[in-house]
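Protein chains get the first letters and strands the later ones, always in sequence-line order, with residue 1 at the start of each. All of these numbers come straight from a predicted model, not from anything done at the bench. These numbers come from the heavy atoms of this one structure, side chains and all, not from hydrogens, waters or symmetry mates.
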Amino acid sequence: MRDGRLDPPQGAGPPFRAFAQREIAPFAAASDATGNLAAAAADALRREGFLGAPVSPENGGLGMSAVDYGLLTAEVGRACASARTLLTVHNLVALTLQRWAGAALRRTLLRDLASGRKLAAIALSEPAAGSDIQAIEATAALEGGAYRLRGRKAWTSFGLTADWLLVFAQSDQGSVALMASSDTPGLSRHPITNMSGIRGGAMADLQFDDCLVPRENLVGRPGFGLSHVAATALDHGRYSVAWGAVGLADACLDTAWDYLRGRRQFGERMADLPLAQAALSRMFVDARAARQLCLSAGRLRDERSADALVETLAAKYFSAGVAVRAANANARLRGARGLTASDPAQRLLRDAKVLEVIEGGVELHELLIARQLTSEMVHA
Amino acid sequence: MSPETHVEEVITGFLGQLTPLDFIEPDTNIFEAGIVNSLLALQLINRMEQHFQFEIGEDDLDRENFSSIRNMTQFVLRKVSDRCATAV
């Protein structure tokens with residue numbers, strides 16, 4: 001809670017919180033209302049080096065551990081889900097380049113991303129390919145020194161404003177991942193303005209009409225675009241979204257607590273009413289449990305453990321649900337006020353719903369976790 | 001036990017943990033057999049990196065390296081040999 005009385009130990013959390021509450025939170029309502037993340041919020045992330053927070057120093061980043069990057073993401077997510085989305089998509093592309101791009105791309109493009117001089121987004125989903133990423137239909141045909149890219153990408157967060165796009169397509173050598181500059185001739189970006197949540201996320205549909213992308217901008221090798229490059233990107237995205245959900249649940253606790261301690265009903269502070277206390281307790285324990293799962297995933301990532309992938313899936317799955325439950329409770333506790341469009345509880349609720357969909361929806365997570373369980377149980 | 005047999009056993013063990021299958025022939029192409037999804041592909045790479053203490057990067061992304069237990073064994077032996085050569 002904002003006054004810290006019930007906060008669990010958080011390592012680097014408090015400095016990140018001070019930053020996010022000072023530099024990001026004041027712009028959250030405006031970013032939601034206008035549909036554009038306030039430039040001041042993005043500038044603040046850039047100025048602090050957070051747009052390259054988890055990228056290694058040799059590639060121009062801060063080299064933050066996965067745990068610290070998670071704590072940062074939670075605090076940014078607590079302040080503004082749209083700013084957290086920028087942190088998520090930009091860093092997931094940077095980390096994917098760090099893992100799978102060749103030395104030349106890492107030396108040039110990755111350094112631009114790690115410094116925040118250039119912004120990146122991921123263009124994977126298509127109108128007919130969401131959870132089933134193997135079904136993408138965009139094509140990349142190698143012609144001399146460039147790939148000719150054709151196709152339509154849907155639901156690209158920050159697709160409207162990113163300088164670089166990590167685009168996935170099918171080629172005659174299998175799937176490929178390409179870094180395409182946003183000023184590539186043939187690329188048109190179409191804003192999606194009616195999103196219900198994370199409205200400052202500059203969501204766009206992207207049309208690639210014979211865009212020529214230099215062969216040097218290939219990330220990974222042909223045939224590995226989906227199985228390894230996209231999978232890596234989604235894993236980083238899930239980890240970040242999981243922490244963002246923890247932050248959003250914390251924001252719901254903050255909002256609920258502020259309201260309940262200031263409002264009197266039945267002759268008492270609402271915060272002293274048993275049913276309100278029960279709701280707060282559920283929110284608190286839920287958020288704390290989600291945080292522990294995220295910390296566990298973070299530690300495994302820092303240890304480069306092979307179990308980190310599944311723990312990350314579990315953390316994202318659980319945390320997104322926690323965020324939605326907390327946002328529902330927060331809105332309900334505020335009575336009719338919580339139903340008004342301008343109330344902070346409504347923004348939190350709309351933003352929380354998005355977390356259950358992005359980087360793989362609830363059901364996809366259940367499927368993937370169950371597959372893992374099945375394998376383990378067969379050999380138990 | 002030869003290094004090759006040891007590595008093959010370790011990789012067979014990984015696949016055993018990560019798939020519901022009881023047995024996979026060393027020469028079975030795991031891509032063509034539909035055994036590998038993207039989660040499994042990354043899990044395999046992470047397990048190899050963690051167990052054998054090397055990093056797999058862009059240069060290693062050759063389908064052949066990961067297509068069967070036999071090929072993964074040869075890949076691991078090459079990587080370990082490269083690491084030893086670098087260390088010397």
Side-chain angles (χ1 to χ4, degrees), chain A residues 96-106 132-134 168 173-177 218-236 238 300-301 303-313 360 364-365 367-380, chain B residues 7 9-25 28-69 71-72 75-76 78-80 82-83 86:
Chain A
T96 302
L97 291 187
Q98 179 163 281
R99 178 74 208 242
W100 295 123
L105 266 192
R106 291 203 306 274
D132 182 9
I133 61 172
Q134 303 294 334
F168 296 87
Q173 294 176 284
S175 62
V176 292
L218 182 69
V219 180
R221 297 278 178 89
F224 289 84
L226 293 173
S227 62
H228 291 68
V229 183
T232 299
L234 288 170
D235 172 54
H236 287 303
R238 285 182 190 124
L300 290 172
R301 297 171 85 86
E303 293 164 10
R304 299 182 65 104
S305 165
D307 296 324
L309 280 158
V310 175
E311 194 78 347
T312 298
L313 276 169
L364 182 67
H365 278 70
L367 183 74
L368 292 171
I369 292 166
R371 266 190 205 155
Q372 181 67 24
L373 274 177
T374 308
S375 301
E376 288 176 8
M377 289 165 83
V378 162
H379 303 291
Chain B
V7 171
E9 277 188 8
V10 170
I11 291 171
T12 304
F14 291 160
L15 278 167
Q17 292 158 13
L18 297 170
T19 71
L21 302 174
D22 286 330
F23 182 71
I24 301 170
E25 291 282 352
T28 296
N29 186 313
I30 59 174
F31 296 110
E32 289 171 5
I35 294 168
V36 183
N37 58 33
S38 58
L39 181 63
L40 177 63
L42 281 191
Q43 285 176 308
L44 261 180
I45 279 188
N46 287 354
R47 272 178 161 66
M48 279 193 236
E49 287 183 327
Q50 192 181 24
H51 189 92
F52 297 110
Q53 296 290 301
F54 55 65
E55 287 199 18
I56 295 173
E58 186 226 6
D59 292 344
D60 302 311
L61 290 184
D62 182 332
R63 211 84 178 157
E64 280 300 299
N65 287 339
F66 306 102
S67 61
S68 67
I69 291 171
N71 284 357
M72 281 187 269
F75 168 68
V76 166
R78 280 197 304 277
K79 289 288 284 187
V80 171
D82 289 350
R83 188 185 61 204
T86 307

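- Residue B:Phe31 does not touch chain A at all, counting heavy-atom pairs closer than 4.5 Å.
- Only the side chain of B:Asn37 comes within contact range of chain A, with heavy atoms under 4.5 Å apart.
- Not counting sequence neighbours, the partners of A:Thr232 by the side chain to side chain donor-acceptor pair (under 3.5 Å) test are A:Trp100.
- Heavy-atom minimum distance, B:Arg63 versus A:Gly223: NH1-O, 2.9 Å.
- Of the possible polar contacts, none joining the A:Arg371 side chain to the B:Leu18 backbone as a donor-acceptor pair under 3.5 Å is found.
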Chi angles and distances behind the side-chain contact (heavy atoms from CB on, under 4.5 Å) call for A:Val310, B:Gln43: CA-CA 9 Å; A:Val310 175; B:Gln43 285 176 308; 3.2 Å; yes
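- Taking every heavy atom of both residues into account, B:Ser38 and A:Ala231 meet most closely at CB-CB, 3.8 Å.
- Under the 4.5 Å side-chain criterion, counting only non-hydrogen atoms from C-beta, A:Glu303 is not in contact with B:Gln50.
- Under the 4.5 Å side-chain criterion, counting only non-hydrogen atoms from C-beta, A:His228 is in contact with B:Leu61.
- Inter-residue side-chain proximity for B:Glu58 and A:Val219 is flagged as unmet; no heavy-atom pair is nearer than 4.5 Å.
- Ranked by heavy-atom pairs under 4.5 Å with chain A, the first of B:Asp60, B:Val36, B:Asp62 is B:Asp62.
- The neighbour count for B:Glu55 CD, taken as heavy atoms of other residues, nucleotides or ligands under 6.0 Å away, does not exceed 12.
- Residues passing the side chain to side chain donor-acceptor pair (under 3.5 Å) test with B:Thr28: none are found, sequence neighbours excluded.
- Note that CZ of A:Arg221 is 5.5 Å distant from CG of B:Asp59, once rounded to the nearest 0.5 Å.
- You'll find the side chain of B:Arg47 stays beyond 4.5 Å of the side chain of A:Ser305, heavy atoms only.
- Neither the backbone nor the side chain of A:Ala230 comes within contact range of chain B; no heavy atom of the residue lies under 4.5 Å from a heavy atom of that chain.
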Apply the test salt bridge (Lys or Arg N to Asp or Glu O under 4.0 Å) to residues A:Arg99 and B:Glu49: give CA-CA distance (whole Å), side-chain angles for both, the deciding distance (0.1 Å), then the verdict. CA-CA 13 Å; A:Arg99 178 74 208 242; B:Glu49 287 183 327; 2.6 Å; yes
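- Checked options A:Ile369, A:Asp235, A:Leu313; the residue passing with B:Leu39 is A:Leu313 (criterion: side chain to side chain contact (heavy atoms under 4.5 Å, CB included)).
- Neither the backbone nor the side chain of B:Leu40 comes within less than 4.5 Å of any heavy atom of chain A.
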